[in-house]
Asks: 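Starting off with a structure, shown below.
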Amino acid sequence: MKAFLFKSIIKITSKLSLSQSRSVARFFGKLAWRFSAKNKRNTLRNINECFPELPEQQKQQLAKDTIDSTLMNLFELGLLWDKKTDAND
């Protein structure tokens with residue numbers, strides 16, 4: 001199931017522009033923050049371990065930004081995966 005999901009994301013995002021891809025990733029990042037308790041918990045745990053001195057609000061924002069960035073990286077793969085180079089033509 002995960003492989004199918006990954007391949008589907010790559011196919012769909014390869015058709016989007018970079019800005020569209022990032023916007024879609026941010027949307028899914030908001031969904032992941034709200035509905036994926038496991039990812040949220042793991043991200044917050046890591047941030048708490050690395051930055052115990054940060055205020056709680058800043059840790060929360062950093063965790064949200066981290067999830068968004070991870071999804072943006074995944075969604076940008078579609079653009080790279082489908083890109084043809086002169087060597088491949």
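The basis for the numbers below is simple: all heavy atoms, side chains too, and nothing from hydrogens, waters or symmetry mates.
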Asks: For residues 31-40, tabulate all N or O donor-acceptor pairs below 3.5 Å that involve a side-chain atom, not counting sequence neighbours.
Replies:
from, atom 1, to, atom 2, distance (Å)
S36, OG, N39, ND2, 3.0

Asks: Given the rule that I, L, V, M, F, W and Y join up when any side-chain heavy atoms are under 4.5 Å apart, are L77 and L16 in one cluster?
Replies: yes
Asks: State whether the side chain of S21 and the backbone N or O of F75 hold a donor-acceptor pair below 3.5 Å, judged by distance alone.
Replies: yes
Asks: Which distance, rounded to the nearest 0.5 Å, do you find between the OG1 of T70 and the CG of D65?
Replies: 10.5 Å
Asks: Nearest 0.5 Å, please: how far is CZ in R22 from CG in L79?
Replies: 9.0 Å
Asks: Report yes or no: do F4 and I12 belong to one cluster of Ile/Leu/Val/Met/Phe/Trp/Tyr joined by side chain heavy-atom distances under 4.5 Å?
Replies: no
Asks: To check you understand the geometry: which heavy-atom pair defines the closest contact between G78 and S14, and what is its length?
Replies: O-CB, 3.1 Å
Asks: Within a 6.0 Å radius of atom CD on Q57, are there more than 12 heavy atoms belonging to other residues, nucleotides or ligands?
Replies: no
Asks: Between R45 and N48, do the side chains contain a donor N or O and an acceptor N or O under 3.5 Å apart?
Replies: no
Asks: Which atoms form the tightest heavy-atom contact between T13 and I9, and what is the distance?
Replies: OG1-O, 2.7 Å
Asks: Mind checking whether L74 and V24 sit in one hydrophobic cluster, side chains of I, L, V, M, F, W, Y counted as touching below 4.5 Å?
Replies: yes
Asks: Count I, L, V, M, F, W, Y as connected when their side-chain heavy atoms are under 4.5 Å apart, and connections chain through other members. Are I67 and F51 then in the same cluster?
Replies: no
Asks: Could you measure the distance from the NZ atom of K59 to the CD1 atom of I47? Nearest 0.5 Å is fine.
Replies: 9.5 Å
Asks: Between L44 and Q60, is a side chain to side chain contact (heavy atoms under 4.5 Å, CB included) present by the stated rule, with each step listed?
Replies: CA-CA 7 Å; L44 283 169; Q60 293 279 327; 3.8 Å; yes
Asks: Would M72 and I10 show up in the same hydrophobic cluster when neighbours are defined by side-chain heavy atoms closer than 4.5 Å?
Replies: no
Asks: Ignoring hydrogens and geometry beyond distance, is a side-chain donor-acceptor pair present between S17 and Q20 at under 3.5 Å?
Replies: yes
